[in-house]
**Q** 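I am attaching a structure below and will ask some questions about it afterwards.
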Number of protein chains: 4
Amino acid sequence: MKNVDATQDKRRDILEAAEQVFTANGFTAAKMDDIAELAGVAKGTLYLYFDSKQDLFVSLLEDRIWEYVATLTSKLEEVRSVKCFVQTLAKVRGQLFVRNQRLLESLSHSLPNFSKEHRLRIWNLRKGLEEPTIEALARLLPPDHPVAPLKAAAMVNGALDYTVGTLILHGQPVVLEDVARDLEYVLLPGLSQVLGKG
Amino acid sequence: MKNVDATQDKRRDILEAAEQVFTANGFTAAKMDDIAELAGVAKGTLYLYFDSKQDLFVSLLEDRIWEYVATLTSKLEEVRSVKCFVQTLAKVRGQLFVRNQRLLESLSHSLPNFSKEHRLRIWNLRKGLEEPTIEALARLLPPDHPVAPLKAAAMVNGALDYTVGTLILHGQPVVLEDVARDLEYVLLPGLSQVLGKG
Amino acid sequence: MKNVDATQDKRRDILEAAEQVFTANGFTAAKMDDIAELAGVAKGTLYLYFDSKQDLFVSLLEDRIWEYVATLTSKLEEVRSVKCFVQTLAKVRGQLFVRNQRLLESLSHSLPNFSKEHRLRIWNLRKGLEEPTIEALARLLPPDHPVAPLKAAAMVNGALDYTVGTLILHGQPVVLEDVARDLEYVLLPGLSQVLGKG
Amino acid sequence: MKNVDATQDKRRDILEAAEQVFTANGFTAAKMDDIAELAGVAKGTLYLYFDSKQDLFVSLLEDRIWEYVATLTSKLEEVRSVKCFVQTLAKVRGQLFVRNQRLLESLSHSLPNFSKEHRLRIWNLRKGLEEPTIEALARLLPPDHPVAPLKAAAMVNGALDYTVGTLILHGQPVVLEDVARDLEYVLLPGLSQVLGKG
DNA sequence: AATGAATGAGCATTCATTCAT
DNA sequence: TATGAATGAATGCTCATTCAT
């Protein structure tokens with residue numbers, strides 16, 4: 001029991017250190033040395049918990065994203081209107097993005113030289129990340145809305161992520177309630193309108 | 001004159017090769033060897049035209065982005081409505097994004113280990129990239145629209161980029177006219193509405 | 001008593017595992033991890049029975065070779081003719097070689113980076129390995145045979161080992177009786193002839 | 001012209017350094033750093049001339065062995081008797097062995113973890129090394145000699161190599177003429193006798 | 001201006017050995 | 001005795017940059 005806990009603790013320490021280092025430098029420029037030092041373990045210890053740098057990176061993404069996907073999915077299940085959807089999404093995905101902005105951007109960059117297995121795992125993550133949004137929109141959009149849920153989801157997620165990213169870039173504080181309000185103001189009418197009205 | 005032209009030609013060759021290699025691998029994983037080979041010059045020649053790998057990378061971004069910014073700025077100057085703005089943006093920025101998606105995503109990842117000078121140049125690029133959109137929206141949004149142009153621009157750009165990115169990710173063809181139509185359908189009502197109406 | 005037996009059993013398990021791993025990979029490429037796993041003990045346990053990887057390796061050689069030397073010595077003591085000597089040698093040394101070919105070849109390769117103590121132990125092994133052959137030939141060769149027993153032994157052992165090694169290399173079955181016959185045919189006349197006749 | 005020469009010189013320097021280091025330590029324990037230092041070049045330079053440590057090792061073996069095979073083949077072509085054959089072999093192969101004893105022993109040890117391509121190259125070397133001896137014996141042995149040339153060659157080569165090796169091991173000077181005489185005395189009668197006589 | 005051979009700092013990964021339990 | 005998690009020195013290989021030609 002104690003051992004399992006200790007092991008989980010150390011694994012978490014490493015993931016946390018990896019998050020910081022990968023976030024700060026991107027995959028290729030990140031050094032295993034730095035991750036080990038930040039985690040307070042020896043370099044060799046990293047390889048007791050993860051097979052390789054690639055595996056550590058992908059495992060980190062999985063850890064962070066599956067947790068988020070689970071949270072978002074359950075929260076969106078209770079949602080009954082596009083308006084409520086936008087608010088919920090802004091809060092949950094906004095939080096993910098504030099914390100993991102640079103990590104998420106890594107999703108695309110890390111791919112090219114990865115092994116087939118790791119590419120597959122990343123691909124699954126990328127799709128999984130959009131899944132809850134797409135499903136919620138498929139359920140909530142007016143039945144004859146002309147924009148496919150896949151694209152609508154891309155627009156909502158893109159608008160949200162870019163707004164948060166822009167605030168960060170400009171050094172402004174990110175208040176997710178404000179972002180939600182703006183998002184709602186800009187997107188809600190278009191997402192709610194039915195075909196005849198457009 | 002002839003020399004100047006030849007010099008410009010070679011510089012262009014190198015930039016073109018660099019674009020392909022950086023696009024395919026990201027900054028750190030890209031190799032100067034590959035760029036030289038693809039450009040058809042010797043490795044040492046790269047250093048006659050660019051000070052370093054960082055300089056080559058930033059110069060490439062500048063070359064591509066300033067060209068785009070100029071184009072977009074002039075096109076948007078003629079625009080007189082939000083609707084027309086969305087269509088124009090989708091076409092021009094969409095093209096930039098289709099061609100340079102991976103390059104643009106590099107903007108954030110390459111920063112951390114860059115020299116102060118290069119970080120500044122990239123910072124300017126990132127802001128410049130959004131500038132025309134912000135200015136156009138500042139001019140075109142209803143005067144009492146509650147969403148600041150900075151954020152509105154982020155939303156529009158984010159929605160556009162993500163939609164295109166999603167299509168690419170899913171292996172679907174990117175038809176910018178369709179994207180423009182969807183964008184218009186989703187964003188136009190929210191961007192056009194006046195405060196009292198919201 | 002029981003403890004001693006259990007201890008001896010475990011020691012034997014480890015040596016057996018070590019034999020397989022060293023045989024398959026040579027000294028440097030062999031991993032203590034693999035030996036431990038194959039022996040069914042934890043890595044740390046190896047160090048309860050042997051001081052180091054070097055010690056394990058040399059101990060293994062000693063175990064196998066002293067056993068062989070004892071067997072061969074006793075069998076050769078009963079031998080009364082060069083012909084019988086060749087047959088006996090082919091059988092006993094042949095068996096050793098079939099089983100330990102790769103291990104024996106390690107004798108020379110492992111030396112350089114070994115500690116002085118281990119080098120000495122290996123040196124003794126190498127000489128001990130030839131000893132019974134030299135002694136038997138010193139007794140059996142015609143009294144005025146011009147080839148010194150040391151060299152004659154080298155020739156017989158070399159001819160035998162290479163023949164077996166060649167058969168193994170070519171994937172042919174090693175039938176020691178056949179090897180003995182061929183060896184006898186080629187070597188016996190030269191070893192038996194007296195000086196005047198040569 | 002000059003460049004080609006300089007390149008060949010450096011390649012030769014590296015091979016010479018590699019020979020010493022591989023000879024002294026065996027493949028796995030040899031360090032690329034040491035080879036580079038001994039060759040008087042930077043570590044990276046090794047990789048301009050050879051793809052990898054494995055490639056360097058196999059290339060070295062090929063360089064040394066093919067040269068020997070060519071020499072031996074041409075010398076043995078002129079040989080008309082088993083007696084003359086033994087003398088010639090002792091001289092030529094003896095020289096190879098004196099110089100490359102440890103390298104040749106590496107032939108078998110280096111194999112296990114090598115890539116398929118390198119294993120094939122080594123396999124070819126091992127067979128090529130015996131080829132001239134086998135061919136000469138196939139031509140020179142009495143027509144009805146019961147020992148196959150393959151095995152007879154193994155015996156002669158084994159006897160020769162072990163004798164030289166034993167002398168080296170015991171710190172005695174290696175005089176190839178003496179070795180040839182002893183070899184002749186022990187092996188010639190058996191190799192020359194015809195079936196009826198045996 | 002152009003070349004490309006040479007450099008060497010840098011990095012992911014391995015593995016013999018230790019030691020707290 | 002026995003364990004196996006942790007260590008960190010060691011090593012093969014890469015690649016941006018330089019410089020003699």
Side-chain angles (χ1 to χ4, degrees), chain A residues 2-3 6-7 10-11 14 27-37 39-56, chain B residues 3 6-7 10 27-37 39-57, chain C residues 3 6-7 10 27-37 39-57, chain D residues 2-3 6-7 10-11 14 27-37 39-56:
Chain A
K2 209 166 142 200
N3 272 341
T7 285
K10 195 155 287 187
R11 193 187 141 94
I14 293 173
F27 176 77
T28 320
K31 296 180 225 165
M32 292 299 264
D33 278 21
D34 292 345
I35 295 173
E37 195 185 10
V41 301
K43 219 187 318 185
T45 305
L46 300 183
Y47 290 86
L48 295 178
Y49 292 85
F50 301 94
D51 289 340
S52 65
K53 192 186 178 188
Q54 285 187 15
D55 180 48
L56 172 55
Chain B
N3 272 342
T7 286
K10 196 157 286 188
F27 175 76
T28 319
K31 296 181 222 164
M32 294 298 266
D33 280 33
D34 292 345
I35 296 173
E37 193 186 12
V41 301
K43 222 186 321 181
T45 306
L46 300 182
Y47 290 85
L48 296 176
Y49 291 85
F50 301 94
D51 289 341
S52 66
K53 191 186 180 189
Q54 285 187 17
D55 181 46
L56 171 55
F57 178 72
Chain C
N3 271 343
T7 285
K10 196 157 286 187
F27 176 77
T28 319
K31 296 180 221 166
M32 294 297 267
D33 279 33
D34 291 346
I35 295 173
E37 194 187 12
V41 301
K43 224 187 317 183
T45 306
L46 300 182
Y47 290 85
L48 297 176
Y49 292 84
F50 302 94
D51 290 340
S52 65
K53 192 187 180 188
Q54 286 186 15
D55 181 46
L56 172 54
F57 178 72
Chain D
K2 210 166 143 198
N3 271 341
T7 284
K10 194 154 288 186
R11 195 187 139 93
I14 293 174
F27 175 78
T28 319
K31 296 179 226 163
M32 292 299 266
D33 278 21
D34 291 346
I35 295 173
E37 195 185 9
V41 301
K43 215 187 324 182
T45 305
L46 300 183
Y47 291 86
L48 295 178
Y49 291 85
F50 301 94
D51 290 339
S52 65
K53 192 187 179 187
Q54 286 188 15
D55 181 47
L56 173 54

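Throughout, protein chains are lettered first and strands after them, A, B, ... in sequence-line order, and every chain is numbered starting at 1. Because the structure is a prediction, the values reported are computed rather than measured.
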**Q** Let me know the distance between CZ of D/F50 and P of F/dC13, rounded to the nearest Å.
**A**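 Taking CZ of D/F50 and P of F/dC13, I get 13 Å after rounding.
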
**Q** Looking at D/A39 and D/I14, what are the two nearest heavy atoms and their distance?
**A**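 Here D/A39 and D/I14 meet closest at CB-CA, 4.0 Å.
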
**Q** When you match B/G44 and D/G44 each to their closest nucleotide on DNA chain E, which lands nearer the 5' end?
**A**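 The residue closer to the strand's 5' end, by nearest nucleotide, is B/G44.
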
**Q** Given E/dG8, is OP1 or OP2 found less than 4.0 Å from the side-chain N or O atoms of D/K43?
**A**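 Indeed not, no polar side-chain atom of D/K43 lies that close.
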
**Q** Please report the distance, rounded to the nearest Å, between CG in A/L48 and P in F/dG4.
**A**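 So the CG-P distance, A/L48 to F/dG4, works out to 13 Å.
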
**Q** Counting just side-chain N and O atoms, does B/Y49 come under 4.0 Å of either OP1 or OP2 of E/dA2?
**A**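 So the side chain of B/Y49 is within the cut-off, an N or O lying under 4.0 Å from OP1 or OP2 of E/dA2.
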
**Q** Just how far, in rounded Å, is P of F/dT11 from CZ of D/F27?
**A**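 Roughly 13 Å, once rounded to whole Å.
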
**Q** By nearest atom, which of the nucleotides F/dC13, E/dG4, F/dA16 is closest to the D/M32 side chain?
**A**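 Looking only at heavy atoms from C-beta outward on D/M32, the closest nucleotide is F/dC13.
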
**Q** Using a cut-off of 4.0 Å on non-hydrogen atoms, how would the nucleic acid contact of D/A30 be classed: base, sugar-phosphate, or nothing?
**A**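 Sugar-phosphate contact only - D/A30 comes under 4.0 Å of backbone atoms but never of a base.
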
**Q** Given side chains that start at C-beta, do those of D/M32 and D/L56 come closer than 4.5 Å, heavy atoms only?
**A**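 Yes. Closest side-chain heavy atoms under 4.5 Å.
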
**Q** Quick one: B/I35 CD1 to E/dG4 C1', roughly how many Å, whole number?
**A**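 Taking CD1 of B/I35 and C1' of E/dG4, I get 17 Å after rounding.
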
**Q** If I take atom NZ in residue B/K31 and atom C1' in nucleotide F/dT17, what distance separates them, rounded to the nearest angstrom?
**A**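 From B/K31 NZ to F/dT17 C1': 16 Å.
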
**Q** Rounded to whole angstrom units, what separation is found between the CG atom of A/D34 and the C1' atom of E/dC11?
**A**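 Those two atoms, CG and C1', are 11 Å apart.
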
**Q** Within the 4.5 Å heavy-atom criterion, are D/K43 and D/I35 side-chain neighbours or not?
**A**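 No. Closest side-chain heavy atoms not under 4.5 Å.
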
**Q** Here's a test of your reading of the structure: between A/D33 and C/Q54, which maps to the more 5' nucleotide of DNA chain E?
**A**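 It is A/D33, whose closest nucleotide lies nearer the 5' terminus.
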
**Q** With heavy atoms under 4.0 Å as the rule, sort D/K53 into base, sugar-phosphate or nothing.
**A**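 Sugar-phosphate: the residue D/K53, judged by heavy atoms under 4.0 Å, touches backbone atoms but no base.
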
**Q** Give the nucleotide from the list E/dG8, F/dC13, F/dA2 with an atom nearest to the side chain of D/S52.
**A**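 So the side chain of D/S52 is nearest to F/dC13.
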
**Q** Could you say whether B/Y47 or C/V41 is positioned toward the 5' end of DNA chain F, judged by the nucleotide with the nearest heavy atom to each?
**A**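 Result of the comparison: C/V41.
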
**Q** Round to the nearest Å and state the distance from C/L56 atom CG to E/dC15 atom C1'.
**A**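 Atom CG in C/L56 sits about 15 Å away from atom C1' in E/dC15.
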
**Q** In Å, rounded to the nearest 0.5 Å, how long is the span from OH of A/Y49 to CG of A/D55?
**A**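 Spacing of OH (A/Y49) from CG (A/D55) equals 14.0 Å.
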
**Q** CG of C/L46 versus P of E/dC19: gap in Å, rounded?
**A**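 Rounded to the whole Å, the gap is 17 Å.
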
**Q** Please answer whether the main-chain N or O of A/K31 pairs with a side-chain N or O of A/K53 as donor and acceptor at a distance below 3.5 Å.
**A**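 No, because the side chain of A/K53 does not come within donor-acceptor range (under 3.5 Å) of the backbone of A/K31.
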
**Q** With both distances under 3.5 angstrom, what nucleotide forms a Watson-Crick or G-U wobble pair with E/dA1?
**A**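 Check on E/dA1: unpaired, no WC or wobble geometry under 3.5 Å.
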
**Q** Partner of F/dA10 by Watson-Crick or G-U wobble geometry, both contacts under 3.5 Å, or none?
**A**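 Across all strands, the one nucleotide that pairs with F/dA10 is E/dT13.
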
**Q** By nearest heavy atom, map C/K10 and A/G40 onto DNA chain F; which one lands nearer the 5' end?
**A**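 Its nucleotide being nearer the 5' end, the pick is C/K10.
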
